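Please read the structure below before turning to the comments.
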Protein chains: 2
Amino acid sequence: MMRVQRLFFILDRLRARRQPVSAESLAEELGVSLRTIYRDMVTLQSMGAPVRGEGGIGYQIEKGYFLPPLHFDADELDAIIIGMRLVAARGDKPLADAATRASAKISAVLPEDMEDSYYDAPLLAYSVQPKSEEETIDFLSPVRTAVRDRAFIEIHYLNLKDQPSERVIRPLGLTAFEKVWLLTAWCEKSDDFRSFRIDRLQSVQRTGESFRREAGKEFRDYLKSL
Amino acid sequence: MMRVQRLFFILDRLRARRQPVSAESLAEELGVSLRTIYRDMVTLQSMGAPVRGEGGIGYQIEKGYFLPPLHFDADELDAIIIGMRLVAARGDKPLADAATRASAKISAVLPEDMEDSYYDAPLLAYSVQPKSEEETIDFLSPVRTAVRDRAFIEIHYLNLKDQPSERVIRPLGLTAFEKVWLLTAWCEKSDDFRSFRIDRLQSVQRTGESFRREAGKEFRDYLKSL
DNA sequence: GATACCCCTGACAATTTATGTCAGGGTAGT
DNA sequence: ACTACCCTGACATAAATTGTCAGGGGTATC
């Protein structure tokens with residue numbers, strides 16, 4: 001009985017991670033011996049699951065699905081519900097609307113009995129709006145799309161000491177902190193990585209040029225160092 | 001070994017046929033006894049596969065089991081990604097894991113070209129852990145499942161003035177604020193609605209009893225009044 | 001060419017599961 | 001009442017799973 005659960009768990013796990021998973025970490029997580037994991041892998045492969053193991057690396061699952069994703073369990077549904085509500089509460093209008101739409105699409109594919117509990121779920125998210133709600137121009141969405149399109153933008157920024165500056169940057173990524181969104185970018189002026197708080201932006205404008213992301217790896221390394 | 005193949009076969013079979021499949025036909029096809037098929041069904045159900053058996057009909061798989069391909073636009077994808085990462089950052093371990101799994105399942109049903117951008121999306125969520133990270137017992141998940149199951153719980157609570165109390169409550173809902181999770185409940189002792197910060201809970205224990213939600217409407221009204 | 005990580009395989013005894021059989025009970029439609 | 005199913009419990013036997021021990025071999029990094 002334990003075995004079957006384990007096999008499904010392994011599949012799920014390999015699907016979840018892009019990075020290779022070592023047999024040892026699986027063994028530990030599942031409370032079984034290393035040998036058992038190796039045997040499980042043979043079983044999975046013999047059933048046609050596209051799992052590949054490489055020495056010195058770990059296990060990976062090939063793209064394309066051997067088993068279609070299972071339905072969402074109660075915890076996963078909770079995570080989706082609260083996640084979408086968090087975004088709806090903390091994002092700007094376009095992102096909040098998108099969260100609502102995504103939520104609707106997901107609930108549409110749920111079985112009826114789960115669909116009801118999805119909408120009635122007693123999970124809420126609440127967020128205070130950072131500034132006075134009336135006239136705050138929110139730059140989250142323009143910046144977000146600029147990140148997506150890899151478009152250079154020119155910004156007017158007010159740092160935490162209220163010193164204004166103007167610069168052209170490559171917007172690389174966004175991070176949601178407790179209260180603020182942080183934009184990580186490559187600043188052409190400083191020729192280095194810089195972070196900017198979205199709520200301190202005075203203006204955002206695309207220059208029209210776009211960049212290729214040679215900086216991808218460096219960016220990820222930079223993020224890890226934060 | 002035979003067992004695992006059988007379970008996968010049954011899943012495949014139920015997905016293939018729209019019409020109900022009888023346990024007997026499965027037993028015959030797989031060369032096992034009827035009893036074994038029934039036991040297999042229990043196993044599948046215990047793994048969260050919504051296979052339904054009806055007397056006089058046969059077995060069928062519920063609609064939401066296999067997620068159909070979903071199409072999300074770029075903004076919706078952003079919302080899902082950041083939402084799941086927010087939950088992963090702010091929930092406790094079970095909820096964070098669930099967010100990761102849900103994320104993987106969603107990405108698995110995306111068209112191929114969208115899948116890459118899903119994983120590479122430069123959107124991150126970061127959250128400071130509220131207490132010292134070592135020995136904080138996290139009550140989010142037990143409370144969350146109690147809300148789901150409508151189970152009475154007995155809690156030891158330390159209010160913001162550090163006054164301890166002990167009470168039996170009906171956990172009604174959870175709200176995620178910037179830094180803390182708030183539990184809204186009906187308190188039997190006070191005979192009124194009360195709110196509790198999850199991080200101030202000292203202990204949580206189910207009484208074993210459960211309640212029906214007559215309080216549903218009142219709860220929603222109460223929440224609106226906050 | 002060390003070194004550190006990994007994957008992978010075989011064998012064997014102990015334990016845990018799975019299985020068939022027998023004997024019931026339940027439900028829904030006819 | 002009948003049919004055609006699903007479902008459950010008990011129990012002895014057969015089969016699979018598991019950990020342990022003892023290896024072999026590949027890949028990347030320094």
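Residue numbering restarts at 1 for every chain, and letters A, B, ... go by the order of the sequence lines. Here the structure is a predicted model, which means the values were calculated and not measured.
The side-chain contact (heavy atoms from CB on, under 4.5 Å) test with B:Glu154 is passed by exactly one of B:Val204, B:Val168, B:Ile169: B:Val168.
In this pair, A:Phe193 and A:Trp186 present their aromatic rings perpendicular. The plane angle is above 60°, beyond the 30 to 60° band.
For the atom pair B:Leu44 CG and B:Ile10 CD1, the distance stands at 6.0 Å (nearest 0.5 Å). To the nearest 0.5 Å, atoms CZ (A:Arg200) and CG (A:Leu183) are separated by 14.5 Å.
At whole-Å resolution of the value, CG in A:Leu26 and P in C:dC6 are 12 Å apart. As rounded to whole Å, 18 Å separates atom P of C:dA18 from atom CG of B:Leu34. Between the C1' atom of C:dA18 and the CE atom of A:Met2 lies a distance of 16 Å, rounded to the nearest Å. The CE atom of B:Met41 sits 13 Å away from the P atom of D:dT8 (whole-angstrom rounding). Straight-line distance from the CG atom of A:Leu44 to the P atom of C:dC7: 14 Å, rounded to whole Å. The nearest whole Å value for the distance from the CD atom in A:Gln60 to the C1' atom in C:dC5 is 15 Å. Remark: C1' of D:dG19 and CD1 of A:Ile37 are 13 Å apart, rounded to the nearest angstrom. B:Leu14 places its CG atom 11 Å from the P atom of D:dC6, with the value rounded to the nearest Å.
For the residue pair A:Arg3 and A:Thr43, a side-chain donor N or O sits within less than 3.5 Å of a side-chain acceptor on the partner. Using modelled atom types and a 3.5 Å distance limit, the side chains of B:Arg144 and B:Ser141 yield a donor-acceptor pair.
Residue A:Tyr38 places none of its side-chain N or O atoms closer than 4.0 Å to OP1 or OP2 of C:dC8. Contact between the side-chain N/O atoms of A:Thr36 and the OP1/OP2 oxygens of D:dG19 is found at a separation under 4.0 Å. Look at A:Tyr59 and you won't find any side-chain N or O under 4.0 angstrom from OP1 or OP2 of C:dC5.
When each of C:dC7, D:dT17, C:dT21 is scored by its nearest atom to the side-chain atoms of A:Ala23, the top-ranked nucleotide is C:dC7. Here D:dA10 is the nucleotide among D:dA10, D:dT20, C:dA18 with the atom lying nearest to any side-chain atom of B:Arg35. Between C:dG20, D:dT17, C:dA18, one nucleotide has an atom nearer to the side chain of B:Arg6 than all others, and that is C:dA18.
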Protein-nucleic acid N or O pairs under 3.5 Å, nucleotides 26-30 of chain C:
none

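The backbone N or O of B:Met2 lies less than 3.5 Å from no partner atom in the side chain of B:Gln5, so there is not a single donor-acceptor pair. Under the 3.5 Å distance criterion, the side-chain polar atoms of A:Thr207 are matched with a main-chain donor or acceptor of A:Glu209. Within the 3.5 Å criterion, the main-chain N or O of A:Val51 finds a donor-acceptor partner in the side chain of A:Gln45.
For the pair A:Arg3 and A:Glu24, both in contact range of DNA chain C, the more 5′-proximal nearest nucleotide belongs to A:Glu24.
Side-chain to base pairing of A:Arg39 with C:dG10: no donor and acceptor N or O lie closer than 3.5 Å to each other.
For the helix from C:dG1-D:dC30 to C:dT30-D:dA1, the rotation axes defined at the first and last 5 base pairs enclose an angle of 70°, given to the nearest 10°.
Among the heavy atoms of the strands, none lies under 4.0 Å from A:Arg52.
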Evaluation steps, salt bridge (Lys or Arg N to Asp or Glu O under 4.0 Å), between B:Lys93 and B:Asp97: CA-CA 6 Å; B:Lys93 187 107 199 332; B:Asp97 287 348; 3.0 Å; yes
